[in-house]
Structures are given as C-alpha cells and as structure tokens.
Student: 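Just passing along the structure, written as structure tokens.
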Amino acid sequence: MEEATRPGNFIRTIIDGDRQAGKNGGQVVTRFPPEPNGYLHIGHAKSICLNFGLARDYAGRCHLRFDDTNPAAEDVEYVDSIMDDVRWLGFDWGQHLYYASDYFEQIYQWAEQLVKEGRAFVCELTPEQQREYRGTLVKPGQNSPFRDRTVEENLDLFRRMRAGEFPDGSKVLRAKIDMASPNLNLRDPIMYRIKRFHHHRTGDQWCIYPMYDWAHGLSDAIEGITHSICTLEFEAHRPLYDWFIDVLPGVHHPQQIEFARLNLDYTVLSKRMLIELVTGKYVSGWDDPRMPTIAGFRRRGYTPESIRDFAERIGVAKADSVVDTGMLEACIREDLNTKAKRVACVHEPLKVVIENFPEGETEEFEAPFFPDDPPKMGSRKLPFTREIWIEREDFMEVPPKGFFRLAPGKEVRLRCAYVLKCTGVIKDDAGNVVELRATVDLETKSGNPADGRKIGGTIHWLSAAHALKAEVRLYDRLFTVPAPASDKEKNFKEFLNPKSLVVLKDAYVEPSLAGAQPGDRVQFERKGYYYVDPIDSKPGAPVFHRIVPLRDGWAKQNKDKGSAKK
RNA sequence: AGGGGUGUAGCCAAGUGGUAAGGCAGCGGGUUCUGGCUCCGCCAUACGAAGGUUCAAUCCCUUCCACCCCUACCA
C-alpha cells in the first residue's frame with residue numbers, strides 16, 4: 001500500500017485513526033479551496049499536493065472549490081489561472097469543480113433559519129463602533145444594542161438586506177454567540193455584509209455576501225468533505241467552524257485540521273506582496289521566471305514532477321518553518337539529471353585560433369546526448385574547425401592554484417575533441433584578452449595522451465563557423481536577504497536583487513539546437529539546466545532560461561578561500 | 001480575562017516509555033572527457049530549559065523560557 005511507504009505525518013495519523021474507527025464510512029474527501037484573487041504560489045502547491053495526494057492515497061476524492069465570497073477582490077482571470085496551475089501540477093478534480101457561490105441560496109436559507117431561532121441578528125453598528133464593542137485581547141466585548149431585536153424584526157430586516165433596500169455597509173447579520181469569549185472569533189461574528197459588487201458568477205443577483213467563516217464550513221459540509229485541511233492561522237477559527245455546523249441539525253460535520261504554511265527563504269509568499277511586485281512592474285508578470293508562483297516556476301522551466309517531489313520532501317507538520325530554496329533546486333536537478341540531453345552553450349565567448357589546424361577544414365566528432373548512458377538518447381555530430389569559441393571564464397592569464405582550465409602554456413581537454421594547448425594571448429589596447437592562440441594534440445582524439453601526461457580539466461567549445469546565436473537568461477534569487485518580508489523597518493522591495501536577471505544576447509549554442517522546440521529542457525554541460533522559453537523564442541532565435549545552475553565545486557572552493565582570507 | 005499553537009542538527013522532518021529514521025546542506029575519499037552525475041564514509045551521548053515520576057523519559061507530570069497566530073463588513 002502506498003500510504004505505508006510514505007513518510008508519516010500527523011494528518012495521515014488522524015486519517016488512519018478515523019478509518020480504523022469507521023468514521024465517514026472510511027471515506028476520505030478533501031478539497032483545495034482557493035480564493036480567486038491572485039495567482040497560486042509554491043505554498044499553494046504544497047496544499048494542493050497534500051489534499052490531492054491524500055485523496056489519491058486513500059482512494060477518495062479531492063474537490064477544487066473556489067471560495068468566491070468576496071466579489072470586490074475576485075476575478076475570472078484568477079479562476080482560469082488557478083485551474084491551469086492545478087492541472088499543470090498534475091492533479092485532476094474530475095467532475096468535482098465547485099464554487100462557494102453555487103451554495104449562496106442554501107447558505108442564505110440556513111442563515112434565515114438561525115435568525116428564526118434567535119441565533120442571529122441584524123446589527124447597525126458602524127465598523128468603528130463594532131471595534132469598540134468587540135473589546136480587546138484582554139478585555140471582554142459588550143453586546144450590541146441591536147442584539148435583542150425580535151425574531152420578526154430581524155427576519156424582516158435580513159430579507160430587506162437581501163432585497164437591496166439598504167445601502168452598502170449599513171447593516172450586517174451577526175451570529176449571537178458570546179461577546180465575552182476569550183476567542184475573539186466567537187464575539188458575535190459577522191455572517192453577511194451588504195456589498196454591491198458584480199460577482200463573476202452570480203452577476204448582480206446578490207447584494208449581500210457571506211463571510212468566510214459562515215460560508216466555508218457550510219460549503220465543506222454540503223460537499224461531504226471529511227477532512228478540511230487549512231493553514232495554522234485558522235486554528236482559532238475552528239470553534240466557530242464547528243459552532244456554525246453544529247447549530248444546524250443534520251448537517252454533515254467535516255473535521256478541520258490545520259498545518260503550517262510553507263515559507264521559502266530569499267522570496268516572499270504573500271499574495272499582497274506578489275501582487276505588488278506585478279502591479280509595480282518589478283517583475284514582468286505573474287509568470288516572471290523569478291516569481292515563486294506556480295506560473296513563474298513553469299515559465300522558468302521547472303517540471304511538475306520536481307514541485308511534487310519538493311512537496312513530498314518538505315513534509316507536513318505544525319511547526320512554523322522556512323525551507324531552504326536549495327531543497328527545491330535539489331529536486332529539479334534530480335529530475336532533470338535523468339531527463340535532459342547534454343549539449344553545449346558558450347555563454348560569454350572568447351575566440352581561440354588553433355594554429356595547427358588547417359583553415360577551411362571541418363572535422364566532425366560524434367558526441368552522445370547522454371554520456372552516462374550513450375544509447376539512451378542517441379548522439380549528434382559536433383563540427384570542429386580552426387576557430388572556436390570557448391567560455392571566457394575558462395581561461396585565466398594568471399591562474400590560481402587548483403584552476404585546471406586553460407592558461408598560457410597549459411592544456412585542457414576540449415569536450416569530445418582534442419587536447420588543446422594555449423600558445424598565445426592577444427590583447428586590445430586596454431589590456432583585455434580578446435583572442436587566444438593555441439595548438440591541438442592530434443593524437444588525443446579518442447584517448448588520453450600516449451605519453452601519459454595528465455590533463456586536468458575539460459571545457460566546452462563551439463566551432464565559430466557553425467555555432468548558433470542564442471539569447472540566454474540567467475536567473476538568480478529575487479531577493480538578497482533570506483527573509484525580505486520580515487524586516488521591521490525596511491519595505492521588502494528594498495531587498496530586490498538587482499542581478500536577479502542577467503540577459504546574455506550573444507551566447508552561442510551548438511548546431512543541433514537549431515531544432516530546439518519551445519518547452520524543451522536541456523543541460524548545457526558544465527553550466528546548468530535550461531528551458532526553451534515557449535513565449536519569447538522565435539523560429540531560429542531561441543531564448544533559453546536557466547532553470548538552475550549545476551552544483552559548482554570550483555565556485556564553492558573559491559568562495560571558501562575568499563571568506564577565509566577575511 | 002486573554003485565548004490558541006509550536007519548539008528534535010545549519011534547513012526541513014520521522015519517532016514516542018526501551019536507549020534519536022530519512023532528505024537538503026556540509027565535510028572527507030573513490031570514480032570521471034561535465035569541478036556535473038554516481039559511489040563510499042562522516043555529520044544530535046542528544047530532542048527549548050529546569051525539576052519530578054519510572055528499572056528506563058525526546059515521549060508522562062510540574063514550572064519556566066522562546067517564537068507564531070487571533071482585536072478586517074478579507075480569506
């Protein structure tokens with residue numbers, strides 16, 4: 001059984017207990033209930049994987065329900081994007097697509113029922129007055145002066161609220177619970193407010209809209225949800241969730257369970273801040289590859305498998321936590337390691353003229369796309385000529401110890417080709433290296449030097465005559481500090497990383513990439529995993545997004561040295 | 001008259017009266033025509049702290065400390 005092989009978590013423990021006790025007939029029905037007021041982010045992905053994953057593992061079902069009770073903030077653009085994102089992640093709600101707005105009439109009828117039972121009343125206190133009557137964390141509240149209206153008056157007023165006889169904000173319907181409760185959520189919470197907004201589904205049919213606490217639990221109940229999983233901040237709402245359901249006889253009672261929401265370092269995961277980044281044009285949109293949105297990760301080139309794996313690895317618990325972004329990177333690297341063809345791209349080219357290789361001649365080398373298992377993905381031919389491009393950072397005029405790439409008089413292996421020796425350095429007037437002269441050891445095509453000398457490094461290269469121009473976009477973390485949202489004095493936008501996007505317009509890729517298709521993912525050897533952007537790529541002019549760099553032992557070694565000197 | 005939660009390694013996270021899983025990161029080494037991958041090894045005498053119960057406590061009890069959430073006609 002799959003559930004036995006997965007790491008345990010407290011929610012599975014609860015469900016296992018419920019099934020053993022025969023609760024809900026052993027059924028598991030969950031739901032993912034987003035409000036369509038923004039794009040989904042990686043934190044939502046955690047919740048989606050949890051809810052749909054539970055349904056899958058326990059042979060139950062998971063509903064997609066839009067919590068569309070506040071038309072002031074919601075929009076169809078968001079419902080469409082949310083459905084796209086859930087599907088892209090690999091989950092299927094089947095026939096179970098719902099909207100809280102589908103239940104407005106039923107929920108309204110239940111509200112009338114509470115009014116008739118004297119459990120709800122129409123209140124005319126202004127928001128400011130309500131705040132005063134509510135009391136504080138350490139002081140009980142006071143009853144509203146409207147709390148003792150007769151049932152008849154309340155029913156009449158409530159029906160006229162629905163009928164549109166009163167202006168926005170002039171009246172609310174409140175549950176009559178306990179103004180002295182230490183749990184502020186129980187101090188006669190608002191059930192309905194008057195709010196004339198065009199609703200994306202119900203149009204202008206309603207001018208009163210139910211509040212979250214009133215509508216959410218009842219929506220769960222209507223759908224027969226068994227386990228209503230939400231984040232920790234709703235823990236204090238659970239008594240209210242239970243109250244609203246228990247007060248209505250015969251209504252199914254789902255169990256609300258809370259878990260810790262995801263936090264990721266070096267980014268922000270609050271809808272408010274993400275919206276600010278988009279509307280303030282700090283990023284190109286919701287799908288900017290630097291955004292922690294699902295759309296952003298998709299555009300960056302992440303696979304749904306890697307996101308699901310991430311959700312699995314971080315687990316589910318109740319302790320507040322901040323996950324290291326390195327965890328996510330490890331997931332995508334692991335996924336792409338076995339899927340991506342190995343090809344060559346020179347990001348910042350430096351010309352090398354091979355003096356002992358004849359001008360005008362082209363030699364071809366057979367190079368497997370997946371060297372670790374050559375038959376797996378086949379191979380291509382790499383053209384080799386007198387003039388080649390190498391990576392600028394693969395040459396150093398004065399190499400530090402441990403640098404085993406190219407330097408004057410030194411040798412390196414050209415990947416899949418000859419051993420190359422640097423014989424000359426050409427500079428411009430400013431002293432910048434603009435070209436190298438070199439020779440190649442013709443005996444080293446398919447093996448190491450016969451004399452047994454050791455070649456330290458291998459670098460990638462491209463025949464200048466055959467290389468294709470390409471645009472490469474290098475992405476880095478969006479913020480420069482681990483917790484941009486939690487600084488007391490500074491606005492999170494002050495921590496935006498100015499180098500989060502570096503565009504290389506003059507990179508070169510190997511000829512085989514002429515056929516690269518939008519959406520392809522490859523490994524540029526020694527650099528990282530890249531994605532052919534489906535939006536900005538044009539035929540013959542591909543745009544590659546760096547999804548994630550390869551682990552870099554050399555960079556790490558240097559970084560350590562650098563910090564040791566301080 | 002406050003209430004509700006949470007503390008296990010640098011970061012996640014299992015475990016739960018019987019002597020601390022796993023992953024990420026890190027460190028050391030093997031291998032290597034990617035400084036990648038992979039392989040081998042190391043990485044908490046210790047579970048927020050202090051007491052108590054017990055043959056035995058991360059787990060049960062008591063007290064304390066730290067952090068998070070709740071005072072929207074948002075969800």
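Keep in mind that the numbers below use all heavy atoms, side chains included, and drop hydrogens, waters and symmetry copies. Below, chains carry the letters A, B, ... as their sequence lines are ordered, and counting in each starts from 1.
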Student: Is any side-chain nitrogen or oxygen of A/T136 closer than 4.0 Å to OP1 or OP2 of B/rG2?
Tutor: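 For B/rG2, neither OP1 nor OP2 has a side-chain N or O of A/T136 closer than 4.0 Å.
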Student: Just wondering, do A/Y212 and B/rA75 stack (centres under 5.5 Å, planes under 30°)?
Tutor: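 A/Y212 vs B/rA75: stacking no.
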Student: A/R131 side chain N/O closer than 4.0 Å to the phosphate oxygens (OP1, OP2) of B/rA72?
Tutor: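 For A/R131, the contact criterion (side-chain N or O under 4.0 Å from OP1 or OP2 of B/rA72) is met.
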Student: Count the heavy atoms belonging to other residues, nucleotides or ligands that lie under 6.0 Å from NZ of A/K421, then report whether that count exceeds 12.
Tutor: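 For A/K421, atom NZ is not crowded (no more than 12 foreign heavy atoms under 6.0 Å).
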Student: Does B/rC37 have OP1 or OP2 under 4.0 Å away from a side-chain N or O of A/T338?
Tutor: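 Negative; the distance criterion is not met.
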Student: Would you say a side-chain N or O of A/R134 is under 4.0 Å from OP1 or OP2 of B/rG2?
Tutor: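 No, outside the criterion.
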Student: Taking the side chain of A/D67 as its heavy atoms from C-beta onward, which of B/rG5, B/rA75, B/rA13 lies nearest to it?
Tutor: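 So the side chain of A/D67 is nearest to B/rA75.
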Student: Is any side-chain N of the basic residue among A/K527 and A/E393 closer than 4.0 Å to the acidic one's carboxylate O?
Tutor: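 Salt bridge between A/K527 and A/E393, a charged N being under 4.0 Å from a carboxylate O: yes.
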Student: Do any side-chain nitrogens or oxygens of A/K195 fall under 4.0 Å of OP1 or OP2 in B/rC74?
Tutor: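 Answer is yes, contact under 4.0 Å.
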Student: Do the side-chain N or O atoms of A/R313 get closer than 4.0 angstrom to the phosphate oxygens (OP1, OP2) of B/rA14?
Tutor: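 No, A/R313 has no side-chain N/O under 4.0 Å of OP1/OP2 on B/rA14.
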Student: B/rC73, B/rU6, B/rC11: which one has an atom nearest the side-chain heavy atoms of A/M327?
Tutor: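 That would be B/rC11.
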Student: From NE2 of A/H44 over to P of B/rA75, roughly how many Å is that when rounded to an integer?
Tutor: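 It is 14 Å, rounded to the nearest whole Å.
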Student: Return no unless some side-chain N or O of A/K556 is found under 4.0 Å from OP1 or OP2 of B/rG26.
Tutor: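 For B/rG26, OP1 or OP2 has a side-chain N or O of A/K556 closer than 4.0 Å.
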Student: Do the side-chain N or O atoms of A/R333 get closer than 4.0 angstrom to the phosphate oxygens (OP1, OP2) of B/rC37?
Tutor: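 Checking B/rC37 against A/R333, no side-chain N or O comes under 4.0 Å of OP1 or OP2.
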Student: At under 4.0 Å, does any side-chain N or O of A/R238 touch on OP1 or OP2 of B/rG5?
Tutor: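 Checking B/rG5 against A/R238, no side-chain N or O comes under 4.0 Å of OP1 or OP2.
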Student: Out of A/R413, A/K445, A/E411, A/E363, which one pairs with A/Y418 under the side-chain hydrogen bond (donor to acceptor under 3.5 Å, both in side chains) rule?
Tutor: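 Of the listed options, the one satisfying the test is A/E363.
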Student: Are A/Y212 and A/H216 an aromatic pair, judged by ring center distance below 6.0 Å?
Tutor: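 Judged by ring-centre distance (under 6.0 Å), A/H216 and A/Y212 do meet the cut-off.
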